[in-house]
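Notes follow once the structure below has been shown.
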There are 2 protein chains.
Amino acid sequence: MKFSKATNYALHTMLFLAVVPPNKLIGVQQLAERQEVSPTYLSKILTKLVKAGMIESTSGANGGYRLKRNWEEISFLDIIHAIEGNASLFECDLNHGQDCMIQKIMVTAEEKMEDYLRNQKISELAKKMTAVL
Amino acid sequence: MKFSKATNYALHTMLFLAVVPPNKLIGVQQLAERQEVSPTYLSKILTKLVKAGMIESTSGANGGYRLKRNWEEISFLDIIHAIEGNASLFECDLNHGQDCMIQKIMVTAEEKMEDYLRNQKISELAKKMTAVL
DNA sequence: CAATCAAAGACTTTATTTGCCCATGATAAC
DNA sequence: GTTATCATGGGCAAATAAAGTCTTTGATTG
Ligand code: SF4
Ligand code: SF4
């Protein structure tokens, strides 16, 4: 029960892209260096973000990644789901019907966390961070 | 990022012990059968609960497990922490100081979930379940 | 066409979880 | 006291998941 490193990398990447000059293309190498992770591994994570429609990529020389138009609305939860999937944190094999109280409690607990993360937009965090500089 | 099966087993066991006649000793075999898990594995989980002070065990013939005196106060969160540990769900290698906004958001999110789970006592859930019978 | 860069698939390594086996120790019944 | 029962503990094996590597392909720039 831990967030994966992949999620960590995705959050940092998104935040970095949100702070950098808009529409500027950033290569995977530069992103990987900052986070001390191998470019090939980070590449896979970035591809997930592309498929989730959060960033777009440009191949070829001077290519790289940048945020998509709707990026202001992207939340922490969006990023986490893009990497970790949408499955529930709690699952049981013997499914005794939908009115199981244990499941209800566990699912509700997860939703408490998700409700908060859904309201944390990277755009707002980026604003706060640039204000500090 | 998922709750382990061990946590699942622990929750079910605690709830079962809360529904059963008080002070009655239940052996690991009976607990394991209900949950379709091997007794040997469940045994290790139960030992964790014993060490966490939530249940007590009696060796020898007719031995088994039962809840401890303060069991009415035990919450879902207590059980989860007993099994999964107390470490934060989000951790980064490069620790850039305690005022990192990413960490703050992730830790706060986790606390939202924990706040809810802390208020879900197994005693109250047991009450509701016996009311249904 | 040559250099650069993302995408994708196959693969290896590492870590964690889950589960089993067996020896040990405690307790009750006989 | 001997035997049956039951928890505890260590070590080990299998299964699963996470993390990371390598290599090929294909797109774009210049
Ligand atoms: S009691 Fe609820 S959580 Fe447990 S196995 Fe049945 S449905 Fe799943
Ligand atoms: S920015 Fe925050 S979360 Fe990221 S590595 Fe630094 S301290 Fe950790």
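Surrounding CD of B:Glu72 are more than 12 heavy atoms belonging to other residues, nucleotides or ligands, all under 6.0 Å away.
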Practice problem: Determine, for nucleotides 14-27 of chain D in 5'-to-3' order, which nucleotides have protein heavy atoms under 4.0 Å from the base (write B), from only the sugar-phosphate (write S), or from neither (write -). | Solution: ----SBBBB----B
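Taking the side-chain contact (heavy atoms from CB on, under 4.5 Å) definition, one finds that A:Val37 meets it with A:Tyr9, A:Ala32, A:Gln35, A:Tyr41, A:Leu42, sequence neighbours left out. With sequence neighbours excluded, the residues that form a salt bridge (charged side-chain N to carboxylate O under 4.0 Å, His left out) with B:Glu73 are B:Lys121. Under the side-chain contact (heavy atoms from CB on, under 4.5 Å) criterion, A:Thr40 pairs with A:Ser38, sequence neighbours left out. For A:Glu111, there are no salt bridge (charged side-chain N to carboxylate O under 4.0 Å, His left out) partners, not counting sequence neighbours.
Considering only side-chain N and O atoms, A:Asn62 lies under 4.0 angstrom from the phosphate OP1 or OP2 of D:dG30. Phosphate contact (OP1/OP2 of D:dT8, side-chain N/O of B:Ser57, threshold under 4.0 Å): present.
Atom CD1 in B:Ile83 sits roughly 12 Å away from atom P in C:dT17 (whole-Å rounding).
With hydrogens and angles ignored, the 3.5 Å screen pairs a side-chain donor or acceptor of B:Glu110 with a backbone N or O of B:Leu89.
B:Lys48 comes within 4.0 angstrom of nothing in the nucleic acid, heavy atoms only.
The two residues A:Ile55 and A:Leu46 make their nearest non-hydrogen contact at CD1-O, 3.8 Å.
Taken residue by residue, residues 85-92 of chain A places no heavy atom nearer than 4.0 Å to DNA chain C.
No salt bridge links A:Lys5 with B:Glu91; every basic N to acidic carboxylate O contact stays at or beyond 4.0 Å.
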